[in-house]
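Here is the structure we will look at.
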Amino acid sequence: MMEEVKETASVLSVHDDSIKVTEVLKEGDTLTFIIVSQKLSGTGEYHVDRTYEDFEWLQQHLFSQGDVPGIQGVIFPPLPAKPQVNASPRSIKQLGFLALGECQPYCKALETFLQQVAAHSILSKNKAVEVFLTSSDPPGRQKVKKNIFNRLSQAVEEMRKEGHKDVDEFFQNERDHNLILTGCTKTAAEKFLDVVATEQKIAVACGHFSTALHLCVEPGEDPDKQAFSRVCVKLSEVFESIKKNMTSVAENNVNTLGLGLDLESRYQEAEREMLFRRTCKLVELENAQRNVEKAKPVKKAAMEEVKKAAETEFEHTSGVAKQEIARFQGARVEMLQQALVGWCEKQLLTAKESADQFNQHLEVFRGMA
Amino acid sequence: MADTARDAPPEQTDFHELEDGEELFPEPATTQESQPASLAAEDISTNSNGPKQDSLFDDDPEDLFAEATEEVSLDSPERDVLLSDGPSPAITPITPPTSVITPRIGHTHDDMFTHSSFDEIEEEEGGDSFDIHISVSDPEKVGEYMTSMSLFKRNEFAVKRRFSDFLGLHSKLASKYLHIGYIVPPAPEKSIVGMTKVKVGKEDQSSNEFVEKRRSALERYLMRTVKHPILLKDPDVLQFLESSELPRAVSTQALSSAGLLRMVNKAADAVNKMTIKMNESDAWFEEKQQHFENLDVQLRKLHTSVESLVCHRKELSVNTAQFAKSAAMLGNSEDHTALSRALSQLAEVEEKIDQLHQDQANADFYLFSELLGDYVRLLTAVKGVFDHRMKTWQKWQDSQMLLQKKREAEAKLQFTNKPDKLQQAKDEIKELEGKVQQGERDFEQISKTIRKEVSRFEKERVKDFKTIIIKYLESLVQTQQQVNKTVSDIFHHN
């Protein structure tokens with residue numbers, strides 16, 4: 001089913017914050033995500049099922065809006081990496097927090113992606129978004145034409161441009177700052193992931209210990225044997241509790257701070273890419289300016305035209321970029337604060353529950369003596 | 001022998017092990033007198049025991065190692081002690097000096113892992129022997145042979161002991177009591193690596209841990225020993241606990257060769273076990289032996305399980321600390337003030353939690369892992385006691401068979417005209433009859449003792465585990481509450 005998506009602006013017909021990825025279905029190696037969103041008109045909701053390829057389709061369309069002025073200045077909401085049913089170690093590493101748990105963190109990340117796209121003043125106008133969220137048919141799978149991301153290869157010369165000095169202090173600061181933050185956030189996310197992984201290992205070890213204790217239970221009438229068996233059974237329960245506690249702690253970590261750090265990390269990367277694109281535009285512009293100066297009178301007019309075009313594009317891009325940066329800074333602070341608060345709340349809850357449980361066990365043991 | 005099954009390394013190692021393991025901290029090298037030739041391969045400089053060893057031999061008649069230091073070779077007199085199954089020197093129950101027993105109740109056993117005073121063993125004895133509390137406090141580096149310090153505070157004794165003293169005590173007790181059926185608690189193990197680090201003066205985490213681990217193990221060892229009603233009354237134990245100076249040299253040499261002999265002994269035991277087919281008339285013993293075999297397997301599994309848990313907890317502590325650092329860096333790089341502050345607080349919280357994880361790991365370790373390890377070693381002692389019973393039975397049987405033969409021989413001699421040979425035969429028979437009777441008595445005695453011991457052991461086991469578990473749970477609860485407090489602090493700041 002090939003659907004022609006015209007690159008015309010449209011208005012999204014659903015509430016952006018109502019978009020939810022409610023479940024994921026596994027069929028062999030394919031994962032299908034169910035997306036539910038509420039109609040603006042209040043008359044109900046849309047249910048659609050999408051695969052990861054559909055998400056990529058959406059992203060391609062967003063990237064290829066070459067006719068939208070200043071599109072290069074947009075910080076594109078980052079799409080999580082491709083999930084795999086039987087994930088290779090490399091892909092697990094790439095996914096980080098999103099690989100943990102059943103699918104919940106990953107679904108949440110996809111959900112966030114969609115919400116951000118739908119809430120974006122420029123991006124939400126792309127028809128592809130509407131199609132993606134509302135069409136009962138799967139969106140087209142045909143290869144989209146060349147887009148800005150295809151153009152920007154990871155070639156070494158391109159990378160060299162990243163360090164190119166800026167003409168605007170605001171942007172230079174932003175670039176420098178982004179560089180530092182990207183590194184720090186990535187490290188923090190990785191370290192936190194290590195913490196969570198170890199917590200999970202502890203949970204497993206507690207489970208083993210608990211099972212091993214059960215093996216110590218001996219049948220028999222001997223009162224001493226019975227006493228010891230009772231002790232073992234009770235202790236086994238204690239370690240089950242510890243296991244539950246650890247599992248909860250790990251889950252809380254992932255769902256709050258883990259997701260937060262992951263998103264922040266990917267978003268910083270997205271900002272970096274945007275800044276890079278703008279820098280490339282700057283380089284283009286400066287080249288064009290030089291060409292005008294160097295050009296022979298015959299070519300001068302043509303060069304002037306090129307220069308003007310580059311100038312315009314650069315200005316549009318910078319304009320959009322400034323807005324995006326402001327919006328981004330506000331959004332990320334809020335997101336991180338929410339993550340931190342959520343983390344505290346969840347950990348407090350778990351700690352209280354666990355303390356109660358352990359106290360109960362303690363009383364039982366004291367009573368046994 | 002009561003010593004741990006793990007303690008049977010090849011002979012060279014064993015010698016060397018002792019050298020490094022015997023003292024908590026070394027003395028400067030002194031010339032060695034009476035260094036037995038067979039120990040020449042050892043690192044002499046660390047085997048310093050201060051003043052001349054000879055002079056320190058008290059005439060403890062029951063100290064069978066008294067002559068051992070002169071020349072230790074496989075033929076030394078002590079060998080007989082270790083290998084023979086003969087009756088031990090008479091165990092005369094000694095009433096503890098009355099000055100020692102005064103009611104002194106309610107002194108809680110100090111927290112096993114925190115002690116700030118220096119190198120002493122404090123003991124308070126009170127009430128009946130089950131109220132003895134022993135705490136072994138932090139060892140300190142001993143530059144030279146210390147004059148000991150004793151605090152007399154209403155039956156409180158503080159004495160200084162070296163690691164080799166503990167080993168020596170165990171050795172004595174083992175030689176006296178094991179083969180008549182008493183379960184003698186095994187002493188803590190020596191460790192080359194740990195000791196070397198400590199000696200070198202490395203002030204790092206692992207050597208501190210090692211010292212702490214050893215201190216805790218020594219404390220538990222002493223507690224177990226004095227909880228035993230018979231062992232408590234043993235003069236060696238009392239001397240160990242109370243006297244300001246112990247003849248130390250004894251243990252050292254004796255143990256190095258004892259180590260070798262233990263090994264030989266064990267090999268012999270293994271062979272013996274295979275050939276002794278005892279007619280077990282008492283189902284109780286058969287059942288108990290099976291029970292202890294099973295228990296051994298299970299405890300080892302548990303031990304492995306706990307060690308893995310401890311390992312992960314330590315890892316968690318490390319990872320949390322690293323995350324805290326990265327969060328702090330993130331907070332520093334952050335422009336937005338409130339967020340920056342929040343991130344820094346997160347870093348602080350994580351650091352505190354890291355400390356809590358470490359404490360929890362310690363609890364896991366000191367409480368459970370060490371408990372399980374202790375019991376695995378104790379079980380070896382238990383099994384040893386059962387083995388001795390078998391040996392005792394064997395001896396009895398052997399005597400009986402020999403008697404039988406001699407009787408047959410005598411019967412034959414009746415028909416020959418050799419009066420003196422006949423007389424000799426009759427004498428021998430009489431002697432053997434005595435031996436057989438003694439053998440039977442010994443067997444019954446050891447069986448009786450073992451029954452009592454096993455019963456006591458089982459009860460102690462349950463009590464031990466319960467106590468430890470309660471301590472552990474208390475630590476768990478405390479940790480949780482502290483996590484609670486730490487997290488809620490940051491929460492309320494925001």
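When reading the values below, keep in mind they use all heavy atoms of this one structure, side chains included, and skip hydrogens, waters and symmetry mates. Numbered from 1 within each chain, the chains take letters A, B, ... in sequence-line order.
- By the 4.0 Å N-to-carboxylate-O rule, K108(A) lies too far from D262(A) to be salt-bridged with it.
- Atoms CG and CD, on N484(B) and Q347(A) in that order, are 10.5 Å from each other to the nearest 0.5 Å.
- Under a cutoff of 6.0 Å and an axis angle of 45°, R224(B) and Y375(B) form a cation-pi pair.
- Top candidate by heavy-atom pairs under 4.5 Å with chain A, chosen from T479(B), N332(B), N319(B), is N319(B).
- At a 4.5 Å heavy-atom cutoff, the contact between E287(B) and chain A is made by side-chain atoms alone.
- Interface residue E474(B): backbone and side-chain heavy atoms are both found under 4.5 Å from chain A.
- Inter-residue side-chain proximity for E293(B) and K383(B) is flagged as met; some heavy-atom pair is nearer than 4.5 Å.
- Residue L257(A) touches chain B through its side chain alone, counting heavy-atom pairs closer than 4.5 Å.
- Taking the six-membered ring for Trp and thresholds of 30 and 60 degrees, F323(B) and F192(A) have ring planes inclined between 30 and 60 degrees apart.
- One finds a salt bridge joining E363(A) and R366(A) here, because a Lys/Arg side-chain nitrogen approaches an Asp/Glu carboxylate oxygen to under 4.0 Å.
- The heavy-atom pair separating S333(B) from L181(A) by the smallest distance is CB-CD2, 4.1 Å.
- Using a 4.5 Å cut-off between heavy atoms, V349(B) contacts chain A through its side chain alone, with no backbone atom that close.
- Taking chain A as the reference chain and counting heavy-atom pairs below 4.5 Å, the highest number among K301(B), K485(B), H336(B) is found for H336(B).
- Interface summary for chain B: among R332(A), Q329(A), Q357(A), the most heavy-atom pairs under 4.5 angstrom belong to R332(A).
- Salt bridge annotation for R461(B)-D464(B): absent, with no cationic side-chain nitrogen under 4.0 angstrom from a carboxylate oxygen.
- Residue contact with chain A, scored on non-hydrogen atoms closer than 4.5 Å, involves the side chain of L346(B) exclusively.
- Residue with the most contacts toward chain A among E315(B), M329(B), E458(B): E315(B) (heavy-atom pairs, distance under 4.5 Å).
- Taking R230(A), K225(A), H361(A) one by one and counting their heavy-atom pairs under 4.5 Å with chain B, the maximum is reached by K225(A).
- The contact between V238(A) and chain B is made entirely by side chain atoms (from C-beta outward), counting heavy-atom distances below 4.5 Å.
- For chain B, the option among A205(A), A212(A), C184(A), A227(A) with the highest count of heavy-atom pairs below 4.5 Å is C184(A).
- At a 4.5 Å heavy-atom cutoff, N294(B) makes no contact with chain A through either its backbone or its side chain.
- Residue with the most contacts toward chain A among I469(B), V462(B), T467(B), L309(B): I469(B) (heavy-atom pairs, distance under 4.5 Å).
- R266(A) approaches P80(A) most closely through the heavy-atom pair NH1-N, 3.4 Å.
- Not a single donor-acceptor pair under 3.5 Å links the side chain of E351(B) to the backbone N or O of A324(B).
- Nearest heavy atoms, A342(B) versus L340(A): CB-CD1, 3.7 Å.
- Of all the listed residues (I180(A), L362(A), D194(A)), the one sharing the greatest number of non-hydrogen pairs under 4.5 Å with chain B is L362(A).
- When heavy atoms are compared at a cutoff of 4.5 Å, D356(A) does not approach chain B at all.
- At a cut-off of 3.5 Å, with distance as the only test, a side-chain donor of H214(A) or S236(A) sits close to an acceptor on the other residue.
- Among D335(B), V297(B), V483(B), L295(B), the residue making the largest number of heavy-atom pairs under 4.5 Å with chain A is D335(B).
- With a 4.5 angstrom heavy-atom cutoff, L349(A) does not touch chain B via any of its atoms.
- When L299(B), V306(B), L343(B) are compared by the number of non-hydrogen pairs under 4.5 Å with chain A, V306(B) comes out ahead.
- Taking T185(A), L336(A), L235(A) one by one and counting their heavy-atom pairs under 4.5 Å with chain B, the maximum is reached by L235(A).
- Contacts between I202(A) and chain B at a heavy-atom distance below 4.5 Å involve backbone atoms as well as side-chain atoms.
- Between Q481(B) and V477(B), the closest side-chain pair of non-hydrogen atoms falls below 4.5 Å.
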